[in-house]
Each structure stands twice: as structure tokens, then as C-alpha cells.
Amino acid sequence: MENYNQTSTDFILLGLFPPSRIGLFLFIIIVLIFLMALFGNVSMILLILLDIHLHKPMYFLLSQLSLMDLTYICTIVPKMASNFLFGNKFISFIGCGVQSFFFLTIAGTEGLLLASMAYDRYVAICFPLHYPIRISRKVCMSMIMGSWIMGSINSCAHTTYALHIPYCQTRAINHFFCDVPAMLTLACMDTWIYEYTVFVSTTVFLLLPFIGIACSYGHVLLAVYRMNSAEGKKKAYSTCSTHLTVVTFYYAPFVYTYLRPRSLRSPTEDKALAVFYTILTPLLNPIIYSLRNKEVMGALRRVMHRIYSVQL
């Protein structure tokens, strides 16, 4: 067992992988996923920025999703990779607070943004004539700014609490990043009141948006069912099913993790579930929301053609 300086104010991240060949193999897979997610989300942001045909509310929301996923995975994976490679599992008290703040900000903001994107699709399919009014540039900006502001305020409150409670001498966090509930297991005080705030935040930022998304797609599927075009139905069903799959990948592990009481939580299970919403979802989002979209693929061809023309 490794010996750590218990008098330090630093925290210790025990990590995700065991120090073995299997751990190294899993580490390589995570790094490859990280690189693919990095490339996919950066490409998505640049593509929407460069192609004027994608300057629409739906794609502006999508670019924000890619920005969040980019921040998400860059907040978690580099530190985890560094700790595994160099064997230095320490993270400073302030560094832990910063990581926790960005993680919680993106977690809450992305939950609200996904609900905004579902509402955008609901209006576009169920009320196409009202779409320019209901989802104007101003409304789109309001949804984005509202998501960021609410996510930041929620994150600031949780992080401030986590940094101001007394911690016991043992500072080993059984996780691969500074997850506040995992940090609170080290607290030298009863944190049951805080657990209620976690329940409230999870309900507001994850459970309610997920219910809203399910209702939106329910109305969309009902509208599609009434269509006369068989091809249109097939396309809409395919799109809705893939979107709901990604949304479920994000929300379900989060809700299951944070709505359970501490007595029913397992560090190993929490870490496995966290992989879904911190690493896998940032990879899947650009694939599902872009590669399966004809407008995005058309924009990609136009941008590649422009780049090729310039080089000639």
C-alpha cells in the first residue's frame, strides 16, 4: 500500500485503473476515446463556425454542446492520465476545487442545454410555422446564457461548501476526479443536510430536464406517427431513437449515482458510472448529432472543398 503524507492539505485521487497490464490496456482505450472526442468536438465547433448554412439556432445549440463536452473531457482525463503515467496521485486543494467547479458547471449546464435542444426539435417538428418566432436568435441566446448561468451558480454553491468543510487526516478520494460526494466521505462532520441539496440539484438539473426531454420526444414521435410519408417516419424514428440513446447515456448514470443515499453507494460502481457521462458521452455526442445529419455532412464537404481549393 502506498504511503502518503497525511499532514498535507492536498487530496489524493486513487484513480480508475489498477496498476497492472489490464489497467494499462484500459488506460490506452480511455486515451484513444479522449483523442477522438477532442477531434470530434473541435471539428464540430469549427464546422458550424465556418459554414454559413449551419448558422441556425439548432446548430448554435449543437456548437455549445460540443464546447461543453470539450471542457468536460479536458477537465477530467488529462489529470487522470497524468496521475496514472507518473504515479503522482496528488491534486492540490485549490486544484481539486477548480476541477470540481468546472465539472459541476458543465454537468448542470449540459443537462439544461440538452433539454433546450429537445425543445428546439419539438417546435421544429410539431409547430414548423411558429419555429422562427419561438426559436429566434434571441430565444436561443437566452436558453444558452440561462443554462450557463444556472449551471455556474449551482456549481459555485456546491464547490464553496466542499472547500469550507473540515476534512479528516485521511485525504484519499476513492475516485478519478474531485467528485464532491466522494470528497464528503472524508469530512469530519455530519453532511446529511448537504445530501439533501445534492438531491434537489440533481432533481432540478437532471431529472426534470430528462422528463422534459422525454415529453418533447413523445410529442415528436406522435407527430411523426401521423405523417403520411413512410420515408419521413423512418428518418424521424431513427433520429429520435439515437438522440434518446445519447441522452439516456448521459442522464441515467448521473441520476442513479446522485439520487441514491450514501449508504447504498459504492465507490467502484460510482467510478464505472462516471465513465459514461464524463468520457463516453463527449465521444458519442458529435457522432450522433453530426455524422448522422445530412446538413452537417454537406457542410463538411463544402469546407473540405474550400480548403482543397485554397491549397491548389
Side-chain angles (χ1 to χ4, degrees), residues 37 41 44-45 57-77 79 94-120 135 138-164 175 177-184 194-214 216 243 246-259 273-274 276-282 284-286 289:
N41 286 293
M44 197 68 215
I45 293 170
M58 179 179 74
Y59 296 109
F60 191 43
L61 291 169
L62 186 56
S63 70
Q64 289 295 303
L65 181 65
S66 291
L67 176 62
M68 291 174 191
D69 284 338
L70 196 60
T71 307
Y72 221 150
I73 203 165
C74 288
T75 299
I76 305 296
V77 175
K79 179 60 179 174
I94 298 299
C96 198
V98 170
Q99 188 184 59
S100 177
F101 173 78
F102 278 105
F103 165 73
L104 290 172
T105 297
I106 300 302
T109 304
E110 185 162 326
L112 297 176
L113 185 76
L114 287 170
S116 299
M117 293 175 68
Y119 175 70
D120 171 83
I135 310 291
K138 183 178 179 180
V139 171
C140 183
M141 287 298 298
S142 297
M143 289 192 295
I144 291 170
M145 292 303 296
S147 298
W148 278 105
I149 291 170
M150 290 180 68
S152 299
I153 292 172
N154 177 68
S155 174
C156 188
H158 284 282
T159 305
T160 301
Y161 178 87
L163 295 181
H164 282 82
H175 218 300
F177 67 96
C178 290
D179 188 29
V180 173
M183 294 168 63
L184 293 182
Y194 177 76
E195 291 181 30
Y196 281 108
T197 68
V198 171
F199 180 86
V200 172
S201 292
T202 304
T203 301
V204 172
F205 288 90
L206 296 172
L207 189 58
L208 292 180
F210 180 73
I211 293 172
I213 290 171
S216 294
H243 286 195
V246 174
V247 165
T248 303
F249 254 68
Y250 181 76
Y251 283 102
F254 246 133
V255 171
Y256 179 71
T257 298
Y258 288 96
L259 287 186
L273 290 170
F276 283 92
Y277 52 79
T278 60
I279 299 172
L280 293 181
T281 301
L284 291 175
N285 278 341
Y289 286 103

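These figures come from a predicted structure and were not determined experimentally.
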Check: residues 106-120 side-chain donor-acceptor pairs under 3.5 Å, at least two apart:
| residue | atom | partner | partner atom | Å |
| --- | --- | --- | --- | --- |
| Thr109 | OG1 | Thr105 | O | 2.6 |
| Thr109 | OG1 | Ser147 | O | 3.3 |
| Ser116 | OG | Leu112 | O | 3.2 |
| Asp120 | OD1 | Tyr131 | OH | 2.5 |

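- Using modelled atom types, one side-chain atom of Thr202 and one backbone atom of Val198 make a donor-acceptor pair closer than 3.5 Å.
- With hydrogens and angles ignored, the 3.5 Å screen pairs a side-chain donor or acceptor of Thr197 with a backbone N or O of Tyr194.
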- Task: Take Thr278 and Phe254 through the test side chain to side chain contact (heavy atoms under 4.5 Å, CB included) and record every step on the way to the result.
- Result: CA-CA 10 Å; Thr278 60; Phe254 246 133; over 6 Å; no
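- Residues passing the side-chain contact (heavy atoms from CB on, under 4.5 Å) test with Leu70 are Leu38, Asn41, Val42, Ile45, sequence neighbours excluded.
- Remark: Ile76 CD1 to Phe177 CZ distance equals 5.0 Å, nearest 0.5 Å.
- Here Phe101 and His158 keep their ring centres 6.0 angstrom or further from each other.
- Residues meeting the side-chain contact (heavy atoms from CB on, under 4.5 Å) test with Phe60, sequence neighbours left out: Ser63, Gln64, Cys140, Met141, Ile144.
- The shortest non-hydrogen separation linking Val180 to Ala162 is CG1-CB, 4.0 Å.
- Phe205 pairs in a side-chain contact (heavy atoms from CB on, under 4.5 Å) with only one of the listed residues (Asn154, Val200, Leu104), which is Asn154.
- The distance from the OG1 atom of Thr281 to the CD1 atom of Ile279 is 10.0 Å, given to the nearest 0.5 Å.
- Separation of the Tyr277 and Phe249 ring centroids does not fall under the 6.0 Å cut-off.
- Nearest heavy atoms, Gln99 versus Cys178: OE1-N, 2.8 Å.
- Scored by the side-chain contact (heavy atoms from CB on, under 4.5 Å) test, Val255 finds Leu206, Leu207, Leu259 as partners (sequence neighbours excluded).
- In this structure, Tyr256 has no ring pair (Phe, Tyr, Trp, His ring centres under 6.0 Å) partners at least two apart in sequence or on a different chain.
- Checked by atom type and distance alone, the side chain of Ser155 never pairs as donor or acceptor with a backbone atom of Gly151 at under 3.5 Å.
- Applying the side-chain contact (heavy atoms from CB on, under 4.5 Å) rule to Tyr59 yields the partners Ile48, Leu54, Lys56, Leu62, Asn293, Glu295, Val296; only residues at least two apart in sequence or on another chain are considered.
- Between the side chains of Asp69 and Tyr250, no donor N or O sits under 3.5 Å from an acceptor N or O.
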- So Met68 and Trp148, side chain to side chain contact (heavy atoms under 4.5 Å, CB included) or not? Walk me through it. CA-CA 10 Å; Met68 291 174 191; Trp148 278 105; 3.7 Å; yes
